[in-house]
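What follows is a short report on a single structure.
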Amino acid sequence: MRSGELTRTGVKPYGPYYGSADATQLWLILLSEYWRWTRDDDTVRQLRDNALAALRWIDEYGDRDGDGYVEYATRSPEGLGNQCWRDSPDGVCFADGRIPVLPLATCDLQGYTYDAKVRLAELADGPLADPGLAKRLRAGAAALYERFNRDFWFPERGGYYAVGLDGDKNRVDAKTSNMGHLLWSGIVPPDRAEAVVRQLMSDDMFSGWGIRTLSRPSSSAAGCPRR
């Protein structure tokens, strides 16, 4: 939801806009975090159907082609090309500036999905009292962990995660701040976490004021402004 002239005149679709590939996972994470702080079992039980519906969306609708990753592609001529937090038209690009073909599976979406499944398994073991669901979720999260760390990791250039996989399953090789989202999701192995931190705090990515969304070499090659 955004205000402003472009939204009011219909140039931008934010009045509000529901094209999001991450809100569902983040809602499950929020539900889990609320429960961890409050131990309010009753609220979690009341939202059981909502939580299961969110899980179904992740597995059946978020994963458009059945490859185990959540990806996005707009079906509307007025929709945004990018439906993750990097929602500008050139927000996801290759290191040389090429725009990848849709649908896109960005790395942060997979981290959120992993975190959401691990957390929902905890709720299934607790207030939801469904050990079978907990077992399935942990198995699914473990499979995603292995698959993700195989498909998204670049050992080159100091080691980093691709910003995403494009519609042809090519790794999108720009070095971006999306890696930072992965750290709190738990999907990064400890030995790779140190490499990710070094990347984020390097001169190419840390400006002194904060972490750039796109590394300086990538933004220069792409002709993009340094963000």
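Only heavy atoms go into these numbers, but all of them, side chains included; no hydrogens, no water, no symmetry mates.
The pair D87-R2 meets the salt-bridge criterion, since a charged nitrogen lies less than 4.0 angstrom from a carboxylate oxygen. Salt-bridge check for R147 with D151: failed, with every basic side-chain N at 4.0 Å or more from each acidic carboxylate O. A salt bridge does not link R98 to D166: none of the charged side-chain nitrogens sits closer than 4.0 Å to a carboxylate oxygen. For D59 and K117, the salt-bridge test passes: some basic side-chain N is under 4.0 Å from an acidic carboxylate O. Using a cutoff of 4.0 Å between basic side-chain nitrogens and carboxylate oxygens, R86 and D108 are not scored as salt-bridged.
Classification of the Y17-Y14 ring pair by plane angle, with boundaries at 30° and 60°, yields perpendicular. Using a 30° and 60° split on the angle between ring planes, Y145 and Y114 fall in the tilted class, from 30° to 60°.
Using a 4.5 Å cut-off on side-chain heavy atoms (C-beta onward), L128 and L120 make contact. You'll find the side chain of T38 stays beyond 4.5 Å of the side chain of T43, heavy atoms only. Within the 4.5 Å cutoff, the side chain of N170 has no heavy atoms near those of the P100 side chain. The side-chain heavy atoms of T74 and L80, taken from C-beta on, include no pair separated by under 4.5 Å. Within the 4.5 Å cutoff, the side chain of E156 has no heavy atoms near those of the D173 side chain. Side-chain contact between P103 and Y69 is absent, with no heavy-atom pair separated by less than 4.5 Å. Counting heavy atoms from C-beta outward, I58 and Q25 have side chains that approach closer than 4.5 Å. Side-chain contact between D115 and I187 is absent, with no heavy atoms from C-beta onward closer than 4.5 Å.
Counting all heavy atoms, side chain and backbone alike, F152 lies closest to Q110 at CZ-CG, 4.0 Å. Across all non-hydrogen atoms, the minimal contact from A51 to L31 is CB-CD2, 4.2 Å. The two residues G81 and L102 come nearest to each other via the heavy atoms O-CD2, 3.6 Å. The two residues P89 and I99 come nearest to each other via the heavy atoms O-CD1, 4.2 Å. Closest non-hydrogen pair, G158 versus A195, comes out as O-CB, 3.9 Å. Nearest heavy-atom pair, S177 versus I211, reported as atom, atom and distance to 0.1 Å: CB-CG2, 4.0 Å.
Interatomic distance, OG1 of T106 versus CG of N82, reported as 8.0 Å (0.5 Å rounding). Note that the CG atom of N50 and the CG atom of L55 stand 12.5 Å from one another [nearest 0.5 Å]. With rounding to the nearest 0.5 Å, the separation of CG in D63 from CH2 in W57 is 10.0 Å. The CG atom of L200 sits 5.0 Å away from atom CE of M179, with the distance rounded to the nearest 0.5 Å. Within the model, atoms OG1 of T113 and CD1 of I29 stand 8.0 Å from one another, a figure rounded to the nearest 0.5 Å. For the atom pair M205 CE and T176 OG1, the distance stands at 6.0 Å (nearest 0.5 Å).
Every residue two or more places apart in sequence or in another chain that forms a side-chain contact (heavy atoms from CB on, under 4.5 Å) with R171 is listed here: F154, A162, L165.
Aromatic ring centres of W27 and Y112: separated by at least 6.0 Å.
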Practice task
Decide yes or no on side-chain contact (heavy atoms from CB on, under 4.5 Å) for V118 and R138, but give the supporting numbers first.
Solution key: CA-CA 6 Å; V118 170; R138 288 198 175 94; 5.9 Å; no
- Task: Determine, stepwise, if the pair Y161 / V196 fulfils side-chain contact (heavy atoms from CB on, under 4.5 Å).
- Result: CA-CA 8 Å; Y161 286 97; V196 170; 3.8 Å; yes
Worksheet item: Can D65 and K169 be said to form a side-chain contact (heavy atoms from CB on, under 4.5 Å), step by step?
Response: CA-CA 11 Å; D65 57 9; K169 307 306 176 185; 2.6 Å; yes
Does the pair W37 and E33 meet the rule for a side-chain contact (heavy atoms from CB on, under 4.5 Å), with working shown?
-> CA-CA 6 Å; W37 278 85; E33 195 67 10; 3.2 Å; yes
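No single ILVMFWY cluster, assembled from side-chain heavy atoms under 4.5 Å apart, contains both L109 and L30. Note: the hydrophobic cluster containing L123 does not contain Y34 (ILVMFWY, side chain heavy atoms under 4.5 Å, direct or indirect links). Y61 and L104 fall within a single hydrophobic cluster, where Ile, Leu, Val, Met, Phe, Trp and Tyr are joined by side-chain heavy atoms under 4.5 Å apart, directly or via other members. In this structure, V92 is not a member of the same hydrophobic cluster as V101, with clusters built from ILVMFWY side-chain heavy atoms closer than 4.5 Å.
Within a 6.0 Å radius of CD in E60, other residues, nucleotides and ligands contribute more than 12 heavy atoms.
A donor-acceptor pair is defined here as one N or O able to donate and one able to accept, closer than 3.5 Å; such a pair exists between the side chain of E71 and the backbone of R64.
Within the structure, the side-chain hydrogen bond (donor to acceptor under 3.5 Å, both in side chains) test picks out the following pairs touching residues 195-210 (sequence neighbours left out): K175-Q199.
Of the options R136, K135, R48, R45, a salt bridge (charged side-chain N to carboxylate O under 4.0 Å, His left out) to D130 is made by R48 and by none of the others.
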